[in-house]
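Note that these values count all heavy atoms, side chains included, but never hydrogens, waters or copies made by symmetry. Every chain is numbered from 1 and lettered A, B, ... according to where its sequence line falls, protein lines coming before strand lines. This structure is a prediction, so every number in the text was calculated from the model and none was measured.
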Number of protein chains: 2
Amino acid sequence: MGLAKTEMFTDEQNKISLFAKVFGHPARVAILQHLFKIDACICGDLVNEIGLAQPTISQHLKELKNLGLIKGNVEGTSVCYCIDKDNWSSMKDIMLKFLNQDIPNTNCC
Amino acid sequence: MGLAKTEMFTDEQNKISLFAKVFGHPARVAILQHLFKIDACICGDLVNEIGLAQPTISQHLKELKNLGLIKGNVEGTSVCYCIDKDNWSSMKDIMLKFLNQDIPNTNCC
DNA sequence: ATATATTATCGTAATATTGCAATGAAACAA
DNA sequence: TTGTTTCATTGCAATATTACGATAATATAT
């Protein structure tokens, strides 16, 4: 299979899992952390920063762009990537709600 | 390949991606939400609650247990699952730090 | 026009993930 | 003991993910 049965889950559950999935690879985590650290757009040098081949980085960037977490502006021959503030915030709201669920006061475990 | 090159990333980046990966499937999100909602241990009925076959649920539970996010106590013929508070909190710290990174004030995008 | 630089896409190989039927293991009941 | 219940494990098929070489596409420079 390898195919999640998304139709049996809520939109919220599917959304959470889609965001989580994109964070489920260290290269994409590293890309995002770098974009935050640089505190500005970054044109190029992501391939040097992360240690993967250019097509691999390009593919990871595409997935981040597909979810709307980053955007890329073309600047001459290079592309300038940065965090999409609004979409990052919406994503954060959803993920925080999930992570901040009250921890049950279980009396049996 | 299908194999992440974890050795080129920091421990933190790998940790974040491992936690995120386990949240990257709606069934596991649903299981965790149910454990939070019940606000107690749950013995059985996860298979009825989620709509997947018993071996499938068992496999998802195993992954959550491997990461330490839940624990299971055997009670007679059934097993009682609940959130592992301490580990959930540590996970939350790591994920919140990642999600709460300051949004760059980009002036180019 | 030709060359250079940067990023995207295609194609492919290796590995991982998902789901479930079949089966096993363990505790309990009659 | 025999049956029942509950959960775990095995084995397998279908699909997804990861990585990268080769190549295309685009813009700029000479």
Side-chain angles (χ1 to χ4, degrees), chain A residues 1-9 13-14 17-31 34-35 41-67 70-82 108-109, chain B residues 1-9 13-14 17-31 34-35 41-67 70-82 108-109:
Chain A
M1 307 259 142
L3 173 62
K5 294 193 155 180
T6 56
E7 74 280 2
M8 56 199 338
F9 301 104
Q13 287 161 346
N14 283 315
S17 69
L18 283 180
F19 284 129
K21 194 186 269 183
V22 89
F23 298 143
H25 193 291
R28 291 189 291 264
V29 171
I31 289 173
H34 190 64
L35 287 179
C41 286
I42 182 172
C43 307
D45 81 1
L46 261 172
V47 175
N48 300 326
E49 195 63 31
I50 322 288
L52 296 169
Q54 181 267 325
T56 309
I57 297 291
S58 187
Q59 200 172 290
H60 285 308
L61 287 169
K62 191 178 173 186
E63 292 178 58
L64 290 168
K65 226 172 14 181
N66 283 344
L67 270 186
I70 64 174
K71 44 187 175 181
N73 285 34
V74 178
E75 308 231 337
T77 67
S78 65
V79 178
C80 182
Y81 289 105
C82 58
C108 52
C109 292
Chain B
M1 308 262 147
L3 174 62
K5 295 191 155 181
T6 57
E7 73 282 1
M8 55 200 340
F9 301 104
Q13 287 161 347
N14 282 316
S17 69
L18 283 180
F19 283 129
K21 193 185 269 182
V22 88
F23 298 144
H25 193 292
R28 291 189 291 264
V29 171
I31 288 172
H34 191 63
L35 287 179
C41 286
I42 182 173
C43 306
D45 82 358
L46 261 173
V47 175
N48 300 325
E49 195 64 31
I50 322 289
L52 296 168
Q54 181 268 325
T56 308
I57 297 291
S58 187
Q59 203 173 288
H60 285 309
L61 287 169
K62 190 179 175 184
E63 291 178 59
L64 290 168
K65 223 166 25 174
N66 283 344
L67 269 186
I70 65 173
K71 43 187 176 180
N73 284 37
V74 178
E75 308 232 335
T77 67
S78 66
V79 177
C80 182
Y81 287 106
C82 59
C108 50
C109 291

Expressed as a whole number of angstroms, how long is the span from [X]:[atom1] to [N]:[atom2]?
X       : N      : atom1 : atom2 : answer
B:Gln59 : C:dT23 : CD    : C1'   : 15 Å
B:Lys21 : D:dT17 : NZ    : P     : 11 Å
B:Phe23 : C:dT18 : CZ    : C1'   : 19 Å
A:Asn48 : C:dA5  : CG    : P     : 14 Å
B:Ile50 : C:dT18 : CD1   : C1'   : 15 Å
B:Leu61 : C:dT18 : CG    : C1'   : 15 Å
A:Lys62 : D:dT18 : NZ    : C1'   : 14 Å
B:Leu67 : C:dT17 : CG    : P     : 11 Å

Can you tell which of [options] lies closest to the side chain of [X]?
X       : options              : result
B:Pro55 : D:dT9, C:dT6, C:dT18 : D:dT9
A:Gln54 : C:dA8, D:dC7, C:dG19 : C:dA8
B:Ser58 : D:dG21, D:dT9, C:dT7 : D:dT9
A:Leu52 : D:dC20, D:dC7, D:dT9 : D:dC20

Self-check item: Residue met sooner reading DNA chain C from 5', once B:Arg28 and A:Thr77 are mapped to nucleotides
Solution: A:Thr77
Quiz item: In terms of the nearest nucleotide of DNA chain D, which residue is placed more toward the 5' end: A:Val74 or A:Ala27?
Solution: A:Ala27
Quiz item: Which residue lies toward the 5' end of DNA chain D, A:Glu63 or B:Ile57, if each is placed at its nearest nucleotide?
Solution: B:Ile57
Phosphate contact ([N] OP1 or OP2) by [X] side-chain N/O below 4.0 Å:
X       : N      : result
B:His60 : C:dG19 : yes
B:Thr56 : C:dC20 : yes
A:Tyr81 : C:dA8  : yes

Quiz item: What's the shortest heavy-atom distance between B:Leu35 and B:Tyr81, and which atoms?
Solution: CD2-O, 3.6 Å
Exercise. Please name the pair of heavy atoms, one in A:Gly72 and one in A:Lys65, separated by the smallest distance, quoted to 0.1 Å.
Key: N-CD, 4.1 Å
Quiz prompt | Straight-line distance of B:Gln59 CD to B:Leu64 CG, nearest 0.5 Å | solution = 11.5 Å
Quiz item: Are A:Thr56 and A:His60 close enough that some pair of their side-chain heavy atoms sits under 4.5 Å apart?
Solution: yes
Quiz item: With a 4.5 Å heavy-atom cut-off, do B:Ile57 and B:Leu61 have their side chains touching?
Solution: yes
